[in-house]
Structure formats: C-alpha cells, structure tokens
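One structure is given here, and the rest of the page talks about it.
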Amino acid sequence: MSTAYEIRGVTCRLGGRVIVRDVDLDVHHGEVLALVGPNGAGKSTLLGALTGDVPVERGEVRLGGRPLGQWSAADLARTRAVLLQANQVSFPFTVREVVEMGRSPWVGRTSAAEDDAAIAEAIERTDIAHLLDRPFTALSGGEKARASLARVLAQQTDVVLLDEPTAALDLRHQEEVLVVARSLAAAGRAVVVVLHDLSLAAARADRIAIVDDGRIVSVGEPADVLTPERVEQVYGIEVHVLPAPDGHPLVVPHRERSDTASD
Ligand code: ADP
Ligand code: MG
C-alpha cells in the first residue's frame with residue numbers, strides 16, 4: 001500500500017493552547033483509519049492539520065510525498081475532500097446544487113458526462129435521490145450529513161477525510177456510510193474518519209487511532225487497540241470488550257440494572 005499522508009512530530013496550537021501534541025501517523029491508500037477519542041481530545045484539529053486548514057506549529061504533514069504547504073489549493077481540492085463536523089451551508093442551495101459543488105475543482109478538466117456520472121453515483125450511495133430539490137437548509141441533521149457526504153464523494157478524490165459523518169444518522173445510514181468508506185478503500189482511496197462509536201469503528205476500520213489530550217495514545221488493528229484497560233483509561237468509564245457475532249470487538253459500558261427492586 002502506498003502512503004497518502006506522512007505526519008511527523010505535528011504540533012498545533014489554537015487560541016494560545018497546544019491542541020495537537022507531537023503526532024506521528026501514516027495514512028495509507030486502501031485503508032480506512034478511524035480516529036476516536038473523547039470530546040475535545042483534538043480529533044477535528046488533527047483532521048484540520050491534514051486538510052491544511054489548521055496551521056502546524058512544529059513538525060510536518062506530507063501528502064503524496066510533498067509537504068502540504070507546497071500544494072496549490074486547486075491541486076489539494078482534486079486530491080483530498082473533507083466532510084466537516086458542522087455542515088456549513090447557509091445559503092438555501094438545493095441538495096442537488098450542494099452535491100454539484102463537489103465537481104467545482106474539476107471544472108474544465110472533465111466532461112459533462114463524467115461530472116454527471118460522479119454526481120449520480122454520489123447520490124445513489126448516500127440515498128438522497130428523494131431530497132434533491134429540497135433546500136439544504138431545510139433538511140434534518142442526518143439528511144444534511146448525507147447530502148454533504150454526497151458532495152464529498154462527487155469530488156472523487158484519492159483521499160477522503162470525514163469528521164463525525166455518522167453523528168446524526170440512524171442505524172441503517174450509519175452502517176451505509178461506513179460501507180461507502182470501505183468501498184472507497186477497496187478502490188484504493190485513503191479514508192480517515194472520526195467516529196464516536198467504538199464498535200462501529202472496530203467493525204469497519206482497518207486501523208483505529210485513539211486521540212487523547214492531543215496525543216495519539218494507541219494506533220493499530222481494532223482488536224489490539226480496544227482493550228478494556230485502554231478504553232477505561234482514555235474515557236474514564238469501565239467497559240466490557242466482547243466478541244460480536246462477526247468476531248469484531250464490541251465495546252459496551254458496564255451498566256448496573258436500574259430496575260432492580262430493593263427489598
Ligand atoms: P474533538 O474534535 O476531539 O472533539 P477539537 O479538535 O474540536 O476536539 O478540539 C480540541 C480542543 O481544542 C478543545 O478544547 C477545543 O475547545 C479547542 N479548540 C478547537 N478549536 C479551537 C480554536 N479555533 N481556538 C481555540 N481553541 C480551539
Ligand atoms: Mg471534533
């Protein structure tokens with residue numbers, strides 16, 4: 001597998017505070033890498049360092065072997081696509097227009113037929129055909145997330161960065177987003193996805209990186225990374241790690257029955 005990102009000793013400071021500390025990480029083509037970790041751990045900031053939107057104070061991010069700072073904005077837009085945590089569309093564009101925006105980096109380089117095919121595929125994979133004429137701003141949270149993912153897919157980039165794409169989604173659509181991520185990886189793309197559901201990450205990611213207080217405290221295959229001790233240490237909650245029927249680890253908090261009659 002070739003390397004998409006090489007991240008070496010990356011430190012990012014925002015608002016006077018160090019948010020990402022001395023991170024080393026490689027992201028390979030053909031893999032889904034899940035970033036997990038508590039709220040405020042620095043996952044979105046690290047993703048911002050990968051997109052080039054968050055300045056790197058120390059260290060280096062290389063994409064395709066080239067330092068990120070040497071990329072033109074136009075080349076970057078044809079190479080990596082980003083789904084931000086907040087779906088930042090404030091004008092009442094229709095859903096179709098939002099998806100079409102994914103093609104803007106390719107203007108003048110692709111035929112109308114190629115653009116139409118990319119848009120149609122993105123619409124189909126995100127299950128939004130029934131929403132195309134609706135204003136984006138009038139969609140539910142989950143519908144917005146899927147329309148935004150369609151824009152990202154329509155961009156047809158080698159690298160796809162998704163910040164909590166499943167946060168607002170129902171069970172079926174959560175699974176479908178990760179199935180899409182897997183199919184991108186199978187086609188040789190590199191996918192980095194921020195997730196909160198550790199069991200979902202374990203089932204669908206090739207590797208998991210746990211971010212805690214700006215550091216990557218563990219990275220590797222899900223079964224190696226998601227030990228009860230490590231999850232408890234990072235999240236501050238006791239968990240069971242059980243084998244799911246498909247063999248992947250399931251992470252379940254210790255829960256006391258609250259309906260036990262006292263007598
Ligand atoms: P996560 O995505 O893991 O929840 P973030 O990367 O969004 O975490 O944020 C990590 C920390 O950095 C948080 O404490 C957050 O308040 C802080 N932070 C994020 N963006 C900024 C910013 N622009 N200025 C100052 N602090 C920020
Ligand atoms: Mg975040």
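For the numbers below, each heavy atom of this structure counts, side chains included, while hydrogens, waters and symmetry mates do not. Both counts, for ligands and for their atoms, begin at 1 and track the order of listing.
- Proximity of a side-chain donor or acceptor of T166 to a complementary backbone N or O of L169 within less than 3.5 Å is not detected.
- Here is the list of ligand 1 atoms found below 4.0 Å of a heavy atom in A41: 1 (P), 3 (O), 8 (O).
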Which atom pairs, donor and acceptor, lie under 3.5 Å between side-chain atoms of residues 74-83 and protein residues at least two apart or in another chain?
unit_1	atom_1	unit_2	atom_2	d
D75	OD1	R78	NH2	3.0
D75	OD2	S72	OG	3.4
R78	NH1	P105	O	3.0
T79	OG1	D75	O	2.8
R80	NE	T51	O	3.1
R80	NH2	T51	O	2.9

Atom pairs and distances, side-chain donor-acceptor, residues 233-247, under 3.5 Å, sequence neighbours left out:
unit_1	atom_1	unit_2	atom_2	d
Y235	OH	G37	N	3.1
D246	OD1	H248	N	3.0
D246	OD1	H248	ND1	3.3
D246	OD2	H248	ND1	3.2

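- Distance check for atom 15 (C) of ligand 1: every protein heavy atom is found at 4.0 Å or beyond.
- Scanning both residues, I208 and P222, for their nearest heavy atoms gives CD1-CB, 3.8 Å.
- Side-chain contact annotation: H29 with D158, donor-acceptor N/O pair under 3.5 Å absent.
- Of the protein's non-hydrogen atoms, L14 CD1, 3.5 Å is the one closest to atom 21 (C) of ligand 1.
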Report, one line per pair, each donor and acceptor closer than 3.5 Å where one atom sits in a side chain of residues 13-23; sequence neighbours left out.
unit_1	atom_1	unit_2	atom_2	d
R13	NE	E57	OE2	2.7
R13	NH1	G16	O	3.2
R21	NE	D213	O	3.0

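- Every N/O-N/O distance between I19 and ligand 1 stays at or above 3.5 Å.
- The nearest protein atom to atom 8 (O) of ligand 1, hydrogens excluded, is given as G42 N, 3.2 Å; this is a heavy-atom distance.
- Residues V180 and V152 share a single hydrophobic cluster, defined by chaining ILVMFWY side chains whose heavy atoms lie under 4.5 Å apart.
- Atom 10 (C) of ligand 1 has as its closest protein heavy atom G40 O, 3.3 Å.
- More than 12 heavy atoms of other residues, nucleotides or ligands lie within 6.0 Å of CZ in R8, so this atom counts as buried by the packing criterion.
- Protein contacts to the Mg ion (ligand 2) involving N, O or S atoms at a distance below 2.8 Å are S44 OG, Q85 OE1.
- The shortest separation from a heavy atom of E164 to ligand 1 is not under 4.0 Å, leaving the residue out of contact.
- Scanning the protein for heavy atoms near atom 9 (O) of ligand 1, the closest one is T45 OG1, 3.9 Å.
- For ligand 1, the polar-atom distance check finds no N/O of Q85 at less than 3.5 Å from any of the ligand's N/O atoms.
- Distances below 4.0 Å separate heavy atoms of P38 from the following atoms of ligand 1: 3 (O).
- Contact record, D224 with R230: O-NH1, 3.3 Å, taken as the closest heavy-atom pair.
- Q70 places no side-chain N or O within 3.5 Å of a backbone atom of P67 that could act as its donor or acceptor partner.
- You'll find the side chain of V95 reaches within 4.5 Å of the side chain of L132, heavy atoms only.
- Atoms of ligand 1 lying under 4.0 Å from at least one heavy atom of N39, given by number and element, are 4 (O).
- Here the heavy atom of the protein found nearest to atom 7 (O) of ligand 1 is S44 CB, 3.6 Å.
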